[in-house]
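Here's the structure we're looking at; comments come further down.
Excluded from the calculations below are hydrogen atoms, water molecules and symmetry mates; all remaining heavy atoms, backbone and side chain alike, are included.
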Amino acid sequence: MDATDSVSPAGTGAAEAAGAQPIGAVPAGAGPAGAGPADAWHAGAGPADADPAGAGRRGRVVGLALACHPGPALAVTALGCALALGSGLDGPRSALVTAAVLTGQLSVGWCNDAYDARRDADAGRRGKPAADGTVEARAVWAAAAVAFVLCVPLSLACGALAGAVHLAAVTAAWLYNLRLKATALSWLPYVAGFGALPTAVALSLPGGPWPRWWTVTAGALLGFAAHLADTLPDIAADRAAGIRGLPHRLGVRGTRLLLPAPLLCATAVLAFGPPGPMDAGGAAALVLAGAAALAGPALGRRWRKAALAGAVAVAAADLALLLARGASGA
């Protein structure tokens, strides 16, 4: 669901897959020109340097791990785990939900990096293993396929309806990577993915109860905000590459001005949605959400990820409020 870069709705691209090595890259294990084995040992090299093949394998493993977008993948997985535990699911059942969410997020992250490899290489983006040749794009595609295949039985084991909802969200995240990222509907997979997460968790409970409307609505609003915040720092580069998603059409200023609205609305829905008057926890969450939602975009010129950090802070406050009232809302 992610995707979010991200945070993907199930995280998070739209470009041709490739794994080209940049021109001028130094092969693994290469040293200064003219250096022989003795020079290497005198320079302080150890036995590890004498095994470039092993170092290459380790580099590919690390590259594959980084290509899954580990930050967003772990964040969404932790959110799913917290919702599962907070909803009252027992340990084994919560672990099953967590495994389903994790495999889905891994598949989305690897799909994103593999599909964006050539575009990332052309743009010179750093930290993209499939683009800089650390790992081949076809290996990342294979990992994405394996993760998706594992996600199917894990999701369905949570219940037929819960599994169908989760798999629909993962599929939407793949569609974002392959097509929707460059269209005006780029927000849709994020909204679907974040709204589907509390839905799938609630449906995993005994009896499969539907979640309360405010949990799904708040999740969808947070997904919309996550898309804006995740895309904001890269709008200029993405536009140059021909990507025209909703944030790119709004522009940097328009996206920055719009971002606080869904964040505040998500918190307001959780604060005012449940029956009865708003309690102190809801009021505190609203104050924190307002501060973070406004500060994040405002600090964006000094720190490119400030808007995303603000969105994460609001999401954390919303999660705490949701857990305090029962995560499933059922």
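Salt bridge annotation for R119-D238: absent, with no cationic side-chain nitrogen under 4.0 angstrom from a carboxylate oxygen. The residues K128 and D113 are annotated as salt-bridged, a charged nitrogen and a carboxylate oxygen being separated by less than 4.0 angstrom.
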(message) For a side chain to side chain contact (heavy atoms under 4.5 Å, CB included) check, start with the C-alpha distance between L89 and S204, then their side-chain angles and the critical distance, and finish with the verdict.
(response) CA-CA 8 Å; L89 286 173; S204 299; 4.2 Å; yes
(request) Show the numbers, then the answer: is there a side chain to side chain contact (heavy atoms under 4.5 Å, CB included) between W210 and L161? (result) CA-CA 10 Å; W210 285 98; L161 192 52; 4.0 Å; yes
(request) Carefully, step by step, assess L185 and R179 under the rule side chain to side chain contact (heavy atoms under 4.5 Å, CB included). (result) CA-CA 10 Å; L185 295 177; R179 173 59 182 163; over 6 Å; no
(message) Using side chain to side chain contact (heavy atoms under 4.5 Å, CB included), reason through T77 and T98 one step at a time and then give a plain yes or no.
(response) CA-CA 6 Å; T77 301; T98 303; 3.6 Å; yes
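Without hydrogens or angle criteria, T231 side chain to L228 main chain gives no donor-acceptor distance under 3.5 Å. Judged by distance alone, the side chain of T255 and the main-chain N or O of V252 form no donor-acceptor pair under 3.5 Å. R249 places a side-chain N or O within donor-acceptor distance of the main-chain N or O of R244, the cut-off being under 3.5 Å. T134 contributes no side-chain N or O that, together with a main-chain N or O of A130, makes up a donor-acceptor pair within less than 3.5 Å. Between the side chain of D90 and the backbone N or O of R93, at least one donor-acceptor pair lies under 3.5 Å. Of the possible donor and acceptor atoms, one in the side chain of S186 sits under 3.5 Å from a partner among the backbone N and O of L246.
Counting only heavy atoms from C-beta outward, the side chains of K181 and D116 approach each other to under 4.5 Å. Within the 4.5 Å cutoff, no side-chain heavy atoms of F194 are placed close to those of L221. For the pair V170 and S107, the minimum side-chain heavy-atom distance is below 4.5 Å. Annotation: side chain of L197 is in contact with side chain of L83 (closest heavy-atom distance under 4.5 Å). In this structure, L167 and C151 have side chains that are in contact, with non-hydrogen atoms separated by less than 4.5 Å. Annotation: side chain of T267 is not in contact with side chain of L263 (no heavy-atom distance under 4.5 Å).
A side-chain contact (heavy atoms from CB on, under 4.5 Å) with C111 is found for one member of Y176, W174, F148 and no other, namely W174.
A ring-centre distance under 6.0 Å is not found for F272 and W214.
A perpendicular orientation is assigned to the rings of W187 and F224, their planes being inclined by more than 60° (bins at 30° and 60°).
Hydrophobic clustering (side-chain heavy atoms under 4.5 Å, transitive across Ile, Leu, Val, Met, Phe, Trp, Tyr) keeps V216 apart from L203.
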